[in-house]
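Heads up: the structure comes next, in structure tokens.
In listed order, ligands and their atoms are each counted from 1. For clarity, every value in this text was computed on a predicted model and none was experimentally measured. The analysis underlying the following values was restricted to heavy atoms, covering all of them including side chains, and did not include hydrogens, waters or symmetry mates. Nothing fancy with the numbering, it's 1 onward along the sequence.
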Amino acid sequence: MAREKPSLQQPMFERIALIGLGLMGSSISLGVRKHKLAGHIAGHARSADTRAIVEELGLVDSVHACAAEAVKDADLVVLCAPVGVLGEITQSISGHLKNGSIVTDVGSVKASIIRDVAPHIPDGVHFIPGHPIAGTEQSGPRSGFADLFENRWCILTPQSDDPTAVEKLTAFWTALGSNVEVMDAEHHDLTLAITSHIPHLIAYNIVGTAADLETVTQSEVIKYSAGGFRDFTRIAASDPVMWRDVFLNNKDAVLEILGRFTEDLSALQRAIRWGDGKALFDLFERTREIRRQIIDAGQETPDPDFGRHKSDGD
Ligand code: NAP
């Protein structure tokens, strides 16, 4: 049941529709509210449970069980569901999109989304895929917070030739606190494979290996987890559906980078076997410098107030 609320502000968009109200959808809604970017925020959540939580928290101005109903008259539609379902969602809303509106998304891969979504975008609607490089390992509507996108990058891979639409979406993400960069989808997917997707795969793998080890009991894994393992468990707690879809939809880039990674790992194995301390020291020194550069660039900000660890998320 929709719950309409009037707005007194002169907003950037009259009406925004958020399709999917988990971590990303709820954070966008809270950020839009905080910066007064929309007259009305309509939200679609798939399950009755999520819709009930969204109503309870008052996360959006109207909650819709039907995505097509949510996008009606929206000037900006943001797809915030897992990568693997965005094509079918767009097909279901296609006939209801407003002429001149912008459709974007927050999916962690870009080429497969363009392949799945673009065929359902009607003429007169601007499709500008996006990816905020911001997140946490939490999911669901209770996990969102307004500052998630502050001082984070947002990458756009526009499929529309209309510069005004790209400028408007850039202004939107800038208002949420992000720095916006435009690039092509293939370049995005390769870059994110190394900076995000492979690190998550390694975390899932190492936590899985530790859990399987017969000589290390579960309690010892937990007891001594501060020795580096704990950081991996945080990453490996990320949403299983989201990450399954990321790997299935960025297959080529992930496999290419994984090949490189495996070669480098073999070189490390060799250095340890042959006692090549210099090779180990040189690498560790180089990697320490990279960490320093990331901190200098302001891209590592633990949030002690809330116990949240803002990361590149995906
Ligand atoms: P999330 O917290 O798990 O929320 C996902 C939302 O999508 C939920 O509201 C879910 O509905 C909804 N949904 C799932 N399948 C659907 C369907 N078939 N139709 C309609 N809605 C559906 O996930 P998230 O972290 O917000 O991730 C959303 C997107 O953001 C993903 O594409 C992900 O790649 C991208 N992303 C995530 C991060 C991150 O760190 N988490 C960072 C950058 C980008 P129910 O609650 O009803 O199941």
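Using a 4.0 angstrom heavy-atom cutoff, Arg51 does not count as in contact with ligand 1. Judged by the shortest distance from any of its heavy atoms, Glu137 lies outside the 4.0 Å radius around the atoms of ligand 1.
Under the 30°/60° scheme for interplanar angles, the aromatic rings of Trp173 and Phe149 are found to stand perpendicular.
Side chains of Leu79 and Ile89 form a contact here, defined as non-hydrogen atoms less than 4.5 Å apart. Residues Trp243 and Leu201 have side chains not in contact (no heavy-atom distance under 4.5 Å, counting atoms from C-beta outward).
Using a 4.0 Å cut-off to heavy atoms of Gly135, the atoms of ligand 1 that qualify are 40 (O). Taking every non-hydrogen atom of Val83 and a distance limit under 4.0 Å, the qualifying atoms of ligand 1 come out as 32 (O), 34 (O). Per-residue contacts place Ile89 under 4.0 angstrom from the following atoms of ligand 1 (heavy atoms of the residue considered): 19 (N), 20 (C). Close approach to Thr136 involves these atoms of ligand 1, each under 4.0 Å from a residue heavy atom: 40 (O), 41 (N). With ligand atoms numbered from 1 in the order given, ligand 1 contributes 43 (C), 44 (C) to contacts under 4.0 Å with heavy atoms of His131. Annotation for ligand 1: atoms under 4.0 Å from non-hydrogen atoms of Pro132 are 43 (C). Those atoms of ligand 1 that come under 4.0 Å of a heavy atom in Ser139, given as number and element, are 1 (P), 2 (O), 3 (O).
Neither the backbone nor the side chain of Ala67 has a heavy atom within less than 4.0 Å of ligand 1. Only the side chain of Met242 comes within 4.0 Å of ligand 1, counting heavy atoms alone; its backbone N, CA, C and O stay farther away. Heavy atoms of Ser143 found under 4.0 angstrom from ligand 1: none, in either backbone or side chain. At a heavy-atom cutoff of 4.0 Å, ligand 1 is contacted by the side chain of His44 but not by its backbone.
Distances from atom 14 (C) of ligand 1 to the heavy atoms of Ser196, Gly20, Pro82 put Pro82 nearest. For the residues Ser108, Ala134, Ser26, the heavy atom positioned nearest atom 36 (N) of ligand 1 is part of Ser108. Of the candidates Asp105, Val106, Val78, the one placing a heavy atom closest to atom 44 (C) of ligand 1 is Val106. Taking all heavy atoms of Leu23, Leu18, Thr50 into account, the minimum distance to atom 46 (O) of ligand 1 is reached by Thr50.
Lys251 NZ: 12 or fewer foreign heavy atoms inside a 6.0 Å radius. The number of heavy atoms from other shown groups lying within 6.0 Å of CG (Asp296) is above 12. Sparse packing is recorded around CZ of Arg230, with 12 or fewer heavy atoms of other residues, nucleotides or ligands lying under 6.0 Å away.
Checking only distances, Ala45 never comes within under 3.5 Å of ligand 1, N or O to N or O. In terms of polar-atom proximity, defined here as any N/O pair under 3.5 Å, Ser47 does make such a contact with ligand 1.
Remark: Phe172 pairs with Phe13 by the ring-ring contact (aromatic ring centres under 6.0 Å, His included) rule, at least two apart or across chains.
Using modelled atom types and a 3.5 Å distance limit, the side chains of Ser47 and Thr50 yield a donor-acceptor pair.
Here Ile155 contributes atom CD1 and Leu192 contributes atom CG; the two are 5.5 Å apart, rounded to the nearest 0.5 Å.
Ionic pairing of Arg292 and Glu289 is present here: one or more N-O contacts between side-chain nitrogen and carboxylate oxygen are shorter than 4.0 angstrom. Checked for salt-bridge contact, Arg286 and Asp282 miss the test: no charged N lies under 4.0 Å from a carboxylate O.
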Residues 94-106 side chain polar contacts: donor-acceptor under 3.5 Å, at least two apart:
{"residue": "Ser94", "atom": "OG", "partner": "His120", "partner atom": "O", "Å": "2.7"}
{"residue": "Lys98", "atom": "NZ", "partner": "Asp75", "partner atom": "OD1", "Å": "2.6"}
{"residue": "Ser101", "atom": "OG", "partner": "Lys98", "partner atom": "O", "Å": "2.7"}
{"residue": "Thr104", "atom": "OG1", "partner": "Ile128", "partner atom": "O", "Å": "2.5"}
{"residue": "Asp105", "atom": "OD1", "partner": "Gly130", "partner atom": "N", "Å": "3.2"}
{"residue": "Asp105", "atom": "OD2", "partner": "Gly107", "partner atom": "N", "Å": "2.8"}
{"residue": "Asp105", "atom": "OD2", "partner": "Lys110", "partner atom": "NZ", "Å": "2.9"}

